[in-house]
Amino acid sequence: MGAGTIQDPSYVRDAFARIADRYVTTNHVLSMGTDILWRRKVARIVKAWKPQRILDVATGTGDLALEMQDVCPQAEVTGSDFCAEMLAHASRRGLSRTLVADAMALPFKDAEFDVVTVAFGLRNMVNYGEAIREMRRVLKPGGHLLVLDFSLPEGILKKPYRWYLHNVLPKMAGLLTGQKDAYEYLGGSIEEFPMGKAMCDLIEAQGFKDAEAKPLSCGVASIYTAEAV
């Protein structure tokens, strides 16, 4: 896949539609269960903000939204995604509020939410900055953005992890889902995704302040948080 296909909306939507049935199980196997721990950590962070309305953008099959729905019973949690097949799974798994929506043009009024989250979804969007700006639009001033996504570890782990991304992961995912090509773009998308300070700078440029990066599992993933100005 060339770089131009990585964030092509039609390709991404089709890829996720094809793997929707096995998406959750595949993620748990490929991450050896650590993705569950990452989402639990995110939910604890969100709970501490005491939100009333939460929007989980690119919610997919609802893993993070369901976790937040469980730990934030006082909050109304909405999961949006542009792939209806993924959302159908989220609904069947118990997510109360779902909406088919394009993250680049969210169908909400300005300042509707206290918290907006996006887990492993921003990386697939056609323009990172514009997507973050749209999330800022639907956030109340003083509201919080949280981004959870893959990153690359530094130091001795970087080279073997990159080899795993490009050589092992697509093959394992292909065996689990029967759709190897749906995962072939993953390594390239992680390589191109802004990380650490670069992501914090990008977030702050879209109307946020106090952006922070928290590496997880030696830097394999990262949590980014920021407050809407």
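Sequence positions, counted from 1, serve as the residue numbers for this chain.
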Fill in: Beyond-backbone contact of I190 with F193, side-chain heavy atoms, under 4.5 angstrom
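Answer no - side chains too far apart.
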
Going by atom types only, do [X] and [Y] share a side-chain donor-acceptor pair under 3.5 Å?
X: S217; Y: T34; result: no
X: D81; Y: T59; result: no
X: T225; Y: K214; result: yes

Fill in: R162 bridged to E191 by N-O distance under 4.0 Å
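Yes, charged N to carboxylate O under 4.0 Å.
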
So, taking the atom named [atom1] in [X] and the one named [atom2] in [Y], what distance separates them when rounded to the nearest 0.5 Å?
X: R93; Y: L87; atom1: CZ; atom2: CG; value: 12.0 Å
X: R97; Y: D56; atom1: CZ; atom2: CG; value: 13.5 Å
X: M135; Y: M104; atom1: CE; atom2: CE; value: 8.5 Å
X: I132; Y: R137; atom1: CD1; atom2: CZ; value: 15.0 Å
X: I223; Y: I45; atom1: CD1; atom2: CD1; value: 4.0 Å
X: C83; Y: N124; atom1: SG; atom2: CG; value: 11.5 Å

Discussion item. More than 12 heavy atoms of other residues, nucleotides or ligands under 6.0 Å from NZ of K140: yes or no?
Written reply: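 More than 12 within 6.0 Å, yes.
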
Do [X] and [Y] share a hydrophobic cluster (ILVMFWY, side-chain heavy atoms under 4.5 Å, transitive)?
X: V118; Y: V126; answer: yes
X: V77; Y: V71; answer: no
X: L152; Y: F150; answer: yes
X: L216; Y: V220; answer: yes

Worksheet item: Judged by atom type as modelled, is there a donor-acceptor pair below 3.5 Å linking the side chain of E134 to the main-chain atoms of A131?
Response: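 Side chain of E134 to backbone of A131: no pair is present.
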
Worksheet item: Do D63 and E67 pass the side chain to side chain contact (heavy atoms under 4.5 Å, CB included) test, and can you show the C-alpha distance, the side-chain angles, and the key distance before you say yes or no?
Response: CA-CA 6 Å; D63 285 51; E67 188 71 33; over 6 Å; no

Worksheet item: Using the ring of each side chain (for Trp, its six-membered ring), is F108 parallel, tilted or perpendicular to F113, with breaks at 30° and 60°?
Response: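 The rings of F108 and F113 stand perpendicular, inter-plane angle above 60°.
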
